[in-house]
Asker: 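So that we are looking at the same thing, I have put the structure below in structure tokens.
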2 protein chains.
Amino acid sequence: MSSILSGNSIAAVAALIGDPARANMLSALMGGQALTAGELAWHAGVGASTTSGHLAKLTEAGLLTLERQGRHRYYRLASADVAQAMEILMAVAVAGPKRHRPVGPKDEALRTARTCYDHLAGRLGTALPDSLCRHGHVALADGGGAVTARGQRFLAEFGLDLEHDRGKGRPLCRTCLDWSERRPHLAGRLGAGLLDRLLALGWLARNPDSRALAITPAGVQGFADRFDLAPERWTGG
Amino acid sequence: MSSILSGNSIAAVAALIGDPARANMLSALMGGQALTAGELAWHAGVGASTTSGHLAKLTEAGLLTLERQGRHRYYRLASADVAQAMEILMAVAVAGPKRHRPVGPKDEALRTARTCYDHLAGRLGTALPDSLCRHGHVALADGGGAVTARGQRFLAEFGLDLEHDRGKGRPLCRTCLDWSERRPHLAGRLGAGLLDRLLALGWLARNPDSRALAITPAGVQGFADRFDLAPERWTGG
DNA sequence: GCGATGGTTCGGCCGGGAACGAAACGTCGG
DNA sequence: CCGACGTTTCGTTCCCGGCCGAACCATCGC
């Protein structure tokens, strides 16, 4: 029998994620925001008491962290690893059964633009690195990438502080497999910074009930002007 | 409630991995070799009939592929994504509970050198890119990397065909988070090619019952001579 | 043809764990 | 001090799914 450590500890974590209620909670937290137990209960579609038990298990296992604030308890994903695990599982899920790809209208919004933990994903999320590459602002290669000198100027002018959160070992530019597009989008400090900035500029708007992001009129204009991204690049198909 | 697609399909996949018997089967297949149902039953520690059911589910979901050969059925992981999902879950599992678990002697072998699907992991696996970087053969950055001109010569001389399996979209040089070392090791075509070559040279030997790899005397000599890797670099601690 | 070996299908047993309601706890607002 | 709200704990119910053994199917060697 192979190592006890390998199989069984993987199973323990996967079993936690493997319950629909818990998976929906984790999915909701992929938005990157901290949510209260009550909100998570709503997302999962189960009662408060049930939710409490689930959250206890998830924090116990180190998938979530808890922050008490008054009579609320805010939960968030414990690490980017957890978010990445969710993304990969999603990629496996959609790749899996060759048949079966009924995408509802609700999912269409997710495919256009959504958060992936703390960065941008979806068609817009994958179009962005395309644009940056095309203009020589970043060079992507095999799961990682680098920002060119020209890109540094461009991004600084756009309002990004690439030195922010340096240290802590988090890479500046990393790519992450997009489960809906099956192409890379930007993660790492660059990806997180970009999303922050896009939200701050009001180009994108969060949706309180879902990970889907709305592209505002200012965003449509801005992406076209500053990133050479016409709307056709992120709308359906 | 957030998208049906997100949470529930993740849960379905995670639940599959979340059963100890299935997780052990998948772990065994992380060795990259195809295994028969009987072998997998042994790895999982369950009966043949139980195993058959598990394997049916896993293939049905697209995590495994099946290859019939005579009266044997060979199963293998359906894609590198599945392997990556397992690795990340492992990383989450060990990072999870703050209190670290003591690791048994059996796991010590795994920490020294093991296969991660089709490439090399463990202390030796992480020492290798260190050495290649140190000598300017590859340049690693943020989850990916590139082989330098000098590295191409070095690797070609070592017997690697870096053009092999080009196309198919698989990156040449990719890094993969090592769950035991929490540092990157080499994946991608380069990682796979290196492992192949190391096995072919007899520097490493597979273990039929585990993902752990044995370093042969020829390997000890070879790693020191060709890669400037003294044994201290991969032995305990 | 014949057994032997590897795998799958079927039926039934059994335990783990997910769900809920009711009640207790803690915190905020007045 | 009060009630309102958010959350947890407890006790209970109940169903899903893993496991096995036995029978059945397929392939190999002879």
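Lettering of chains follows the sequences in order, A, B, ..., and the numbering in each one begins at 1. Hydrogens, waters and symmetry mates play no part in the numbers below; they use all other heavy atoms, side chains included.
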Asker: Using atom CG of A/L58 as one end and atom P of C/dG17 as the other, report the distance to the nearest whole Å.
Answerer: 14 Å

Asker: At less than 3.5 Å, do the side-chain atoms of B/T36 and the base atoms of C/dG7 form a donor-acceptor pair?
Answerer: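 Answer no: no donor N or O sits under 3.5 Å from an acceptor.
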
Asker: To the nearest Å, give me how far apart CG (A/L40) and P (D/dG6) are.
Answerer: 14 Å

Asker: Please check: side-chain N/O of B/S52 versus main-chain N/O of B/A48, any donor-acceptor pairing under 3.5 Å?
Answerer: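 Side chain of B/S52 to backbone of B/A48, a donor-acceptor pair under 3.5 Å: no, none is there.
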
Asker: Short question: side chain of B/T59, backbone of B/L55 - any donor-acceptor pair under 3.5 Å?
Answerer: yes

Asker: OP1 or OP2 of C/dA19 versus the side-chain N and O atoms of A/H54: is any pair under 4.0 Å?
Answerer: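 Yes, A/H54 has a side-chain N/O under 4.0 Å of OP1/OP2 on C/dA19.
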
Asker: Is B/K57 near enough to D/dG17 that one of its side-chain N or O atoms lies under 4.0 angstrom from OP1 or OP2?
Answerer: no

Asker: Quiz question: going by heavy-atom distance under 3.5 Å, is there a donor-acceptor pair between the base of D/dG21 and the side chain of B/S49?
Answerer: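 Yes, a donor-acceptor pair under 3.5 Å.
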
Asker: Find the distance A/R73:CZ to C/dC25:P and express it as a whole number of Å.
Answerer: 14 Å

Asker: Between D/dT7 atom P and A/W42 atom CH2, what is the distance in whole Å?
Answerer: 15 Å

Asker: Let me see the working for B/R114 and B/D178 under salt bridge (Lys or Arg N to Asp or Glu O under 4.0 Å), right down to the final yes or no.
Answerer: CA-CA 11 Å; B/R114 66 177 182 278; B/D178 195 293; 3.1 Å; yes

Asker: Could you note down all residue pairs passing side chain to side chain donor-acceptor pair (under 3.5 Å) where residues 70-91 of chain A supplies at least one of them, sequence neighbours left out?
Answerer: A/D81-B/R182, A/E87-A/R211

Asker: Identify whether any heavy atom of B/Y74 sits under 4.0 Å from a base atom; if not, whether one sits that close to sugar-phosphate; answer base, sugar-phosphate or nothing.
Answerer: nothing

Asker: Rounded to the nearest angstrom, tell me the gap between atom CG in B/L55 and atom P in C/dT8.
Answerer: 7 Å

Asker: Which listed nucleotide (D/dT8, D/dC19, C/dT9) is nearest to the side chain of A/A48?
Answerer: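 The nucleotide sitting nearest to the side chain is D/dT8.
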
Asker: A/Q69 CD to D/dG6 P: how many Å, rounded?
Answerer: 15 Å

Asker: Could you say whether A/A15 or B/G53 is positioned toward the 5' end of DNA chain C, judged by the nucleotide with the nearest heavy atom to each?
Answerer: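 Its nearest nucleotide being more 5', the pick is B/G53.
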
Asker: Does C/dA19 have OP1 or OP2 sitting under 4.0 Å from an N or O in the side chain of A/T50?
Answerer: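 For C/dA19, OP1/OP2 do not have a side-chain N/O of A/T50 under 4.0 Å.
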
Asker: Pick base, sugar-phosphate or nothing for A/A37, based on heavy-atom distances below 4.0 Å to the nucleic acid.
Answerer: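 Sugar-phosphate: the residue A/A37, judged by heavy atoms under 4.0 Å, touches backbone atoms but no base.
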
Asker: Closer than 4.0 Å, any side-chain N/O of A/H72 to the OP1 or OP2 of C/dT27?
Answerer: no

Asker: Contact class for A/R22 vs. all strands (heavy atom < 4.0 Å): base, sugar-phosphate, or nothing?
Answerer: sugar-phosphate

Asker: Report the distance from atom CG of A/N24 to atom P of C/dA19, rounded to the nearest whole Å.
Answerer: 10 Å

Asker: Any donor-acceptor pair under 3.5 Å between the side chain of A/R71 and the base of D/dT7?
Answerer: no

Asker: I'd like to know if the side chain of A/T115 and the backbone of A/L120 have a donor-acceptor N/O pair within less than 3.5 Å.
Answerer: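 Flag not set: sc A/T115 to bb A/L120 has no pair under 3.5 Å.
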
Asker: What's the CG-P distance between B/D19 and C/dG17, to the nearest Å?
Answerer: 11 Å

